[in-house]
Amino acid sequence: MTAAGLIFSNIHDSSVPELTARRTMASIPYGGRYRLIDFALSNMVNSGITKVGLITHYNYQSLLDHIGNGKDWDLARRHGGLKILPPFITAYDNATANKVYSTRLEALMGVMDFINHCTEDVLVLSDCDVICNVDIAQAIERHEQNGADISVITATVDTAVQPLDAHAEVVKVDAAGRITDMATYDAEKGEVEVSADIFVVRRSYLQRVVADAIAHGQTSFYKDVLYRQLPKGRVFAHHYDGFFGRVNSLESYFRCSMRLLDRGSCVNLFYRHNQPIFTKVRNSVPTRYAPGAKVSNSLIADGCVIEGTVENSILFRGVKVGKGTRVSNSILMQDTLVSENVRLNCVITDKNVIIKDNRELCGHETMPFYIAKESQV
Amino acid sequence: MTAAGLIFSNIHDSSVPELTARRTMASIPYGGRYRLIDFALSNMVNSGITKVGLITHYNYQSLLDHIGNGKDWDLARRHGGLKILPPFITAYDNATANKVYSTRLEALMGVMDFINHCTEDVLVLSDCDVICNVDIAQAIERHEQNGADISVITATVDTAVQPLDAHAEVVKVDAAGRITDMATYDAEKGEVEVSADIFVVRRSYLQRVVADAIAHGQTSFYKDVLYRQLPKGRVFAHHYDGFFGRVNSLESYFRCSMRLLDRGSCVNLFYRHNQPIFTKVRNSVPTRYAPGAKVSNSLIADGCVIEGTVENSILFRGVKVGKGTRVSNSILMQDTLVSENVRLNCVITDKNVIIKDNRELCGHETMPFYIAKESQV
Amino acid sequence: MFKKKECVAMLLAGGQGSRLYALTAKTAKPAVTFGGKYRIIDFTLSNCVQSGLDTVGVLTQYQPLVLNEYIGTGLPWDLDRNYGGVKILPPYQGKNGADWYKGTANAIYQNMQFIERYNADYVLILSGDHIYQMDYAKMLDCHKTNGADCTIAVIDVPLSEASRFGIMTTDATGRITKFSEKPKNPDSTKASMGIYIFNRDKLFSYLTADAADPKSSNDFGKNVIPAMLAAGEKMMAYPFVGYWKDVGTISSLWEANMDILGEKPQLKLATGNWRVLSRHDNAPPQYVGPDAVVDNASITEGCEILGTVKNSVLGENVRVMEGASVVDSVLMGDTVIGPGARVEYAILDHNVEVGAGAAVGAPRESADGKIAVIGEGVRVEAGATVPAGAMLSE
Amino acid sequence: MFKKKECVAMLLAGGQGSRLYALTAKTAKPAVTFGGKYRIIDFTLSNCVQSGLDTVGVLTQYQPLVLNEYIGTGLPWDLDRNYGGVKILPPYQGKNGADWYKGTANAIYQNMQFIERYNADYVLILSGDHIYQMDYAKMLDCHKTNGADCTIAVIDVPLSEASRFGIMTTDATGRITKFSEKPKNPDSTKASMGIYIFNRDKLFSYLTADAADPKSSNDFGKNVIPAMLAAGEKMMAYPFVGYWKDVGTISSLWEANMDILGEKPQLKLATGNWRVLSRHDNAPPQYVGPDAVVDNASITEGCEILGTVKNSVLGENVRVMEGASVVDSVLMGDTVIGPGARVEYAILDHNVEVGAGAAVGAPRESADGKIAVIGEGVRVEAGATVPAGAMLSE
């Protein structure tokens, strides 16, 4: 079975307004050198998919900068490869002029041309707010064996550790893997099985249900399409049990990031056999630990210069930590400059932030202190 | 002097509504296998420019398909290369939300980030409605020698052959090459010197005048910026004397195309030493002339199959001309299928048009008959 | 980081192709131009890509410069990949000295390290000098389904011609029971196409044994295949039906070119999504002048036809001037046929210039099968005559 | 269609680098890892790209597989171009037989065709085994301004060391008046860096004469440069000031690695827009564990440090387990230092495994300059001891 991919870059942007003020959910930096889209893209590429449509609506300049020509994911191809699907806007007034899709179903309607021109048997749909490393090839194989219309990747979430919100869809699955029920998360406690918002769909089936939804003026992919298909018994779950994180608030972003400092989780996400996570290659120099630097329990990207103390933190590329400075429990994004004798605790700095000498900034793990892009403190 | 390029893909779209209904001016097919943007891009690449920003506003899916990852222009690079600059739209309401630029100056304001991040000394600005093959490297050299702020590429147009409209800017130049006066075309007859809408500008100067124009709420690059700079004496003309065509109506599109059947003009445009016109490579087979085919004075792309008669026409890739058919004075775009025993005269077919057996369609050179994309007649 | 590849293709492109004489003086046979805008190797490379094989080692030895330039980064075939893609594998100097490739098997033997890097389970051995379109993925499926050690693609040839080929005798299941290289009295019409799929480990052990045998000529057909057969390995034939031509001689090269012409060409260069990919320059569309006559011809970009072209295949940038005629000929490209010149029943390599009024070749009816061949860069003076069957080189 | 290139760079990368012993057993010297995430050749390649030279021929001969894979399509250096870019130029078999490269000049001689294709006016000759950052565009400007036939980059060396180099004596204008290869009594401190710019036609005529001379050893330094000087060609010295190091020996390789460490490193890998480009995998960020000690070190992606690292350079995917210590050492990558193991004053090639509790090398103070070297793929058993200055290979 051949497969093509389709990635929604903006869905759920509004959950994390701080980080998406000038970027898409897809281009939120994560884990020292990644952007959230790297997970969706790598999952597809690792499963042998070589054609991916990337649905963009707004704010996607930073996403285009990250993606470049797709070479870093080996998707710079003459045939297939990565295709940007911009919103359909025209200069002339008409029904669709200046329309920016807001739901998954509307977005699908907007890219029916792309879907119709594919020749692949199945499509893999993915959002960008989940962090996982799924063997999608296996899911496609099962999809075929099951004779499924739609297969939903699902994961088990312990709500005590990862709180959920109403963006999550809870699934009930029978012994054969069939999804029997599906509902928006409603404050259940304990371990719940949720959709990862990654779908394997037969292309012809998707064409039909989307056309039908258009005809009926429907708007929700879950409520109007998926829910109604359940009784037919051809919607299956494919359980994934590796690292699973979902970014639905600044706090959950902080929590999902800090989970990487648990070595087991980090290895589970990044070191799966034959499933590397690809990202844009930036020609950074190695990180230099100056004489006298002290670092512990931290994840550090290349291109950093560390002269002070760093603990329980994540440093993105090009971060500088000056002498006499102590950075604890913090996330410092690309090219953050922390000068000398600074104290940071539970702080998130966005790109190109400058923290001057002798500053002391302190948040809390339930309320990290976010410093916006290019701020100087 | 280092240079970067900036291409406006949508300016003047409204001049040719037929051809831009679902594409940009930049992606109008021309000359059998090209799109109009190929001229702007090739001019830049041939002058050694390796970083080009492509300003897109609307309708740019077909442009993205043509450009791909930029490999065909050798612009698929890690550093520099081709950068798509999409409109700044955000999901959140604010002053610039859903704003689609309509003038060159507004477009420049929208991409100041790109301009500010360039490190090159000069920028080359180009529209997509002119067809020419200019040695821009030479223009940049003169620009430097002249100590110019702006150099405008100009060409001589004989209005008897190529009618002009109010989009054209007429320039007056002194012996030293300085532009002394500039005005919108106002029905002058005979040979007039007009701007090709290609500019070489010092980057720092452009930053300053655009910032100034923003501060003063101005909107026109010509009227508010260029006209006012003339008295300072640092605006120069760089005369170009090769093939020059400008598409400002369907009729002028037809005329500019037919000029390629004059072998001298065609060679002048396409065979300049070290200045090839690059375009997207499509893996077409060679064109096959079946036994009995008759072809004269025509420009024919690869991938055609000709069984009938073709005269004074331009055939794009993948066109089929059936037995007993006669195609005269026509432009058949990509994958047009002309069946058997058809007569076409002064017809323009857009992509994927099908003309069935025994049809007879006839326009006039002053009023070519345009058949829209994917029509069946 | 090398991700595992199920199957790696090894394309033997080192042959000199000496029976193409002037056409292979400066270039290896796989790089010879075919069909106006292709090189012979394009067929095999395109087969690989369209069969989903994205890791191809190209083994070069003889005059590789043109081939190296042509393949470049692999862009035209979408083989410019971060992992895999097309890689040129020339002979090299190791710690213990230098070795040229001694035979087809030896060439693969010296590059086992390349195959190991991708940890491939299967190795597909190809040669770069046949014209055909084949889906290797189906052959691999067959190989796996059969649980074979080696699968060899075969094509039915007329019994009268079978003695020119390596002939496979098979049992009812398709298992090869006998292999005879150019048998005098062939007992089968299944000819080997020189396309082999091997299980990697089996291949390596036979190659290692073959390399240790000083008497071996290190050739697949002569040594490795017979050795495997003798040892009772499971070797299956994979029947192929379709156009297939060895273009190893002047006349077969001419014929194959002519096969792309006609009302219904025998050799289709594109069918559905399957097409032959090639590297070509960005030349403008072809121009056919007011008084030109073009009848039954294949013409490509950059050509300018002012005279007559009949039953001919023209490559890029050929100019046929006023009053000139080109009949029953193959012009590879970048060539000028001067005013009033006549080219008949001939093959012209790249960059040939035929001066005004010159005559190359003779009408096909009277040429008695003798094709005139003009090598790269040759200039035929104005008014000169090149007889049928002549072979000119620089 | 080859567009003209003003200057083409030819990078000699065929040397064995035998004084690096175990480190060059399986790979050519230019492909040896340096500074944790670079190969030695990255410095020269990056210099080319950042000087605006986009056409680079890399001449390979000895153990080219690793180098070929590493350079690949040229992507990391933005040299995967449609016109120009980086091209590997191995020795090849021509119509009249096969030739390995006999010397540096012979390697260029055999590839004159490559330079001709780009119709270059100038040829820049480089070698791939020095660590330095230099803007060749400035050198070319100088060459043109001087109207020179050949320009040679020189660096000032201490008079005491001058006898180890090719020494140029110049007049007041910088014109070279004398060239002495490793002179006993040097009369100048200007040492040749082995970087030459030639006018193309001059170069070709001297190379052709050199190739015809059976007594020549076909070397630039020994034959071509002296011949040009003797003939009175205009040869200019181009002075270079900055970091420059020949990393041809174990100790110089170790020292150059250490030069990227410290409060203010002597060797800066990136300054402003100028940076050394390299190919590297997509490894996750480095992890420094709760009890790790990292002091004065350069560490790159994919590393996991649970023990102690001091005064050391670590390449990709090095794991230093609990209680292990790495001091005064260079670990090229993909290596595991087992729990409690100790590595001091050593160079470890890729894929080395040091078992738990093993000891490699001796403290620098007591090692008497003897660096322990462990070749690619070697496994040091748990508890084993590898003495200072030992040289292990697989």
Side-chain angles (χ1 to χ4, degrees), chain B residues 30-34 38 42 45 68-69 71-74 76 133 260-263 266-267 269-272 276-307 309-319 323, chain C residues 34-38 42 46 49 73 75-78 80 257 260-265 267-271 273-306 309-317 333:
Chain B
Y30 177 79
R33 59 174 298 194
Y34 303 91
D38 292 336
S42 301
V45 168
N69 50 39
K71 277 183 182 174
D72 289 321
W73 296 265
D74 222 353
N133 188 342
L260 294 176
L261 296 181
D262 170 54
R263 194 61 186 158
C266 185
V267 167
L269 180 61
F270 289 118
Y271 289 89
R272 298 207 153 217
I277 303 298
F278 298 97
T279 187
K280 180 183 183 176
V281 172
R282 186 190 171 205
N283 269 291
S284 308
V285 301
T287 280
R288 183 159 61 85
Y289 297 77
K294 285 200 176 61
V295 179
S296 69
N297 197 40
S298 294
L299 208 53
I300 296 176
D302 269 15
C304 295
V305 175
I306 302 175
E307 299 176 330
T309 299
V310 176
E311 57 190 18
N312 308 320
S313 294
I314 297 175
L315 271 55
F316 283 68
R317 298 192 261 203
V319 169
K323 282 181 197 164
Chain C
F34 178 83
K37 66 190 284 184
Y38 307 93
D42 282 329
S46 302
V49 179
T73 62
L75 172 64
W77 307 272
D78 249 349
D80 53 334
N257 269 286
I260 70 170
L261 299 180
E263 287 270 357
K264 295 208 185 301
L267 169 57
K268 291 196 184 67
L269 297 166
T271 40
N273 280 322
W274 194 286
R275 55 183 64 239
V276 188
L277 309 172
S278 69
R279 178 184 294 276
H280 45 267
D281 286 343
N282 239 314
Q286 51 199 269
Y287 174 69
V288 180
D291 306 314
V293 174
V294 181
D295 191 12
N296 195 33
S298 172
I299 302 184
T300 189
E301 292 158 349
C303 287
E304 183 178 4
I305 315 296
L306 305 176
V309 176
K310 282 187 182 166
N311 304 322
S312 294
V313 174
L314 272 57
E316 287 173 341
N317 305 319

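Every chain is numbered from 1 and lettered A, B, ... according to where its sequence line falls, protein lines coming before strand lines.
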*Donor-acceptor pair, N296(C) side chain versus A290(B) backbone, under 3.5 Å?*
no

*Considering only heavy atoms, which portion of K323(B) lies under 4.5 Å from any heavy atom of chain C: side chain, backbone, both, or neither?*
side chain

_Residue part contacting chain C, namely of Y271(B), when any heavy atom lies under 4.5 Å_ = side chain

_Please identify, among S298(C), G289(C), A297(C), the residue contributing the most non-hydrogen atom pairs under 4.5 Å to chain B._
A297(C)

*Report yes if the side chains of F270(B) and L260(B) come closer than 4.5 Å at any heavy-atom pair, otherwise no.*
yes

*Min side-chain heavy-atom separation D302(B)-Q286(C) under 4.5 Å*: yes

*Against chain C, label V281(B) side chain, backbone, both or neither, depending on which of its atoms sit under 4.5 Å from a heavy atom there.*
side chain

*asked:* Let's test your reading of the structure: which of D80(C), L261(C), V294(C), V276(C) forms the most heavy-atom pairs below 4.5 Å with chain B?
replied: V294(C)

_Taking the side chain as everything from C-beta on, heavy atoms only, tell me whether L315(B) gets closer than 4.5 Å to I306(B)._
yes

_Taking every non-hydrogen pair under 4.5 Å, which of G262(C), A270(C), G36(C), A292(C) racks up the most with chain B?_
G262(C)

*Considering non-hydrogen atoms only, spot the tightest contact between I277(B) and L269(B) and give its length.*
CG1-O, 4.0 Å

_For chain C, which candidate among G292(B), G31(B), S298(B), S284(B) shows the most heavy-atom pairs at distances under 4.5 Å?_
S298(B)

*Side chain of R279(C), backbone of W77(C): donor and acceptor closer than 3.5 Å?*
no

